[in-house]
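Here's the structure, in structure tokens; my notes come after.
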Amino acid sequence: MTKSQKMSRAQVAKMDYPYAWPPESVLSPGPNFLWKREVAIDFDQVVANWTEQYVKFINLTYGYNIDHTQIDCYNMQFDPRIPLTPEQHEEAFIAFSRLSRGGFDALKPYDGIRDTFRAILDAGIRIKIYTWVPGATEKVPGGAKSFNSGQAQRARFEMIKALDLGIDPMKDVKFMGSAAKKWKMAEEHIPLIIEDNPETAVGVGMCAAHAVILVPEATNAGLIAPNVLPLRDRKDLAKTVISFYQKLDAAGLLL
């Protein structure tokens, strides 16, 4: 098997994880190095379902009948089975991001996510949300500016507060693009991130040698890569995170 290879979801479900967990690079970070007792968690497709609401907007806008559960490519505008064109995606994404109602404010949280956060926090592990929304960073995909709108950023803060996740949105939410996450983790000494984006997962695991738990999504199904643990069931997220830090604690690697 190559270092990074896609398998079917059924194949992944039947096999044992092929790499040590926690990864050797996390358990042997070098002399005089300790990890923080913190985990980074992505928001979209981990805490709340962004794709479902966005696809509803696309279908309404263009008259399509796209099933959000059947999208195989993370950048859906390039999925050959999806009628959406790159130009339509850019137009729709800008409009979606500016909505006061029915846009970023209307995302549905995943079942049990509040309990997941609470269990992790109760185990003494601090949570940081690493996320990106237009209006919160200098640029957006395609090189456009931030749409002259802070609506999406405001909606993100309000949703996190409304979900009562047990974190402080103003202190524990960090806005950044996907490529920046691995460097922020290294800077902050955070060993683990919870992600859905396969590109971010490979970047964190293979480039920065940190650890990733990948939630099950059609867009990352079958991804096998070093330092990336594909989660088989979202219900197992809290116990998988807690077990990871228990092993680091036993090795004397936590601040």
Side-chain angles (χ1 to χ4, degrees), residues 4 6-29 34-49 109-131 163 165-167 172 178 181-182 185 188-206 208-255:
S4 180
K6 287 209 77 172
M7 304 174 65
S8 71
R9 188 183 294 277
Q11 286 175 309
V12 172
K14 292 178 181 179
M15 70 182 296
D16 292 328
Y17 187 65
Y19 307 106
W21 189 260
E24 182 181 352
S25 57
V26 173
L27 288 175
S28 302
L34 294 175
W35 297 107
K36 285 184 180 177
R37 203 180 300 266
E38 297 181 1
V39 59
I41 299 183
D42 185 28
F43 190 88
D44 297 310
Q45 303 309 113
V46 177
V47 177
N49 194 326
Y110 286 100
D111 291 341
I113 193 63
R114 182 185 292 109
D115 291 340
T116 293
F117 268 64
R118 293 293 182 170
I120 293 171
L121 292 169
D122 287 346
I125 304 162
R126 188 175 179 183
I127 294 174
K128 294 289 183 68
I129 288 182
Y130 285 4
T131 186
L163 287 174
L165 297 174
I167 65 172
D172 299 324
S178 296
K181 292 182 180 181
K182 58 182 176 293
M185 290 174 66
E188 296 290 331
H189 287 210
I190 296 177
L192 176 66
I193 190 168
I194 318 303
E195 263 290 344
D196 74 296
N197 186 336
E199 182 178 6
T200 304
V202 171
V204 170
M206 293 187 71
H210 286 48
V212 185
I213 295 175
L214 197 64
V215 295
E217 284 285 312
T219 52
N220 64 42
L223 177 69
I224 299 295
N227 294 15
V228 179
L229 178 67
L231 195 67
R232 294 172 181 174
D233 193 323
R234 288 175 181 267
K235 294 178 182 178
D236 295 333
L237 182 55
K239 69 179 183 182
T240 305
V241 171
I242 293 169
S243 173
F244 178 92
Y245 285 89
Q246 286 175 337
K247 291 176 181 178
L248 266 62
D249 213 1
L253 292 171
L254 293 179
L255 289 168

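Side chains included, hydrogens not; waters and symmetry mates left out as well; all remaining heavy atoms used.
- Heavy atoms from other residues, nucleotides or ligands lying under 6.0 Å from CG of D233 number more than 12.
- G166 and L121 get closest at one heavy-atom pair: O-CD1, 3.6 Å.
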Tell me, with the steps shown, if L27 and L253 meet side chain to side chain contact (heavy atoms under 4.5 Å, CB included).
CA-CA 8 Å; L27 288 175; L253 292 171; 4.2 Å; yes
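- Shown here for A201 and V212, the closest heavy-atom pair between the two residues is O-CG2, 3.6 Å.
- Remark: the backbone N or O of D196 is paired with a side-chain donor or acceptor of N220 at under 3.5 angstrom.
- Considering all non-hydrogen atoms of both residues, H210 and P191 come closest at CB-O, 3.7 Å.
- By the 4.5 Å heavy-atom criterion applied to side chains, V228 and V202 are not counted as neighbours.
- Counting only N and O atoms by type, the side chains of D42 and T200 include no donor and acceptor under 3.5 Å apart.
- The two residues V26 and W35 have their closest heavy-atom pair at O-NE1, 2.8 Å.
- Not counting sequence neighbours, the partners of F244 by the ring-ring contact (aromatic ring centres under 6.0 Å, His included) test are W21.
- Rounded to the nearest 0.5 Å, atoms CD1 (I113) and CG (L237) are 6.5 Å apart.
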Take V204 and N227 through the test side chain to side chain contact (heavy atoms under 4.5 Å, CB included) and record every step on the way to the result.
CA-CA 8 Å; V204 170; N227 294 15; over 6 Å; no
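- A distance of 10.5 Å separates CG of L214 from CD1 of I193, quoted to the nearest 0.5 Å.
- Considering NZ of K128 and CD of E188, their distance stands at 5.5 Å, rounded to 0.5 Å.
- At distances below 3.5 Å, at least one donor-acceptor pair connects side-chain atoms of Y245 with backbone N or O atoms of E38.
- In this structure the side chain of V47 reaches within 4.5 angstrom of the side chain of L165, judged on heavy atoms.
- Summarising the geometry, atom CG belonging to L192 is positioned 9.0 Å from atom CG belonging to L248; distances are rounded to the nearest 0.5 Å.
- Annotation: the span from Y130 atom OH to K182 atom NZ amounts to 13.0 Å, rounded to 0.5 Å.
- Smallest separation of non-hydrogen atoms from L34 and H189: O-ND1, 3.0 Å.
- Shortest non-hydrogen contact noted between L223 and P230 is O-CG, 4.3 Å.
- Listed by first and then second residue, the salt bridge (charged side-chain N to carboxylate O under 4.0 Å, His left out) pairs that reach into residues 239-255 are R37-D249, D236-K239, sequence neighbours excluded.
- Among pairs with a residue in residues 114-126, those fulfilling side-chain hydrogen bond (donor to acceptor under 3.5 Å, both in side chains) read R118-D164, R126-D172, at least two apart in sequence or across chains.
- A salt bridge links R234 with E217: the distance from a Lys NZ or Arg NE/NH1/NH2 to an Asp or Glu carboxylate oxygen falls below 4.0 Å.
- To the nearest 0.5 Å, the span separating CD1 on I129 from CD1 on I41 amounts to 7.0 Å.
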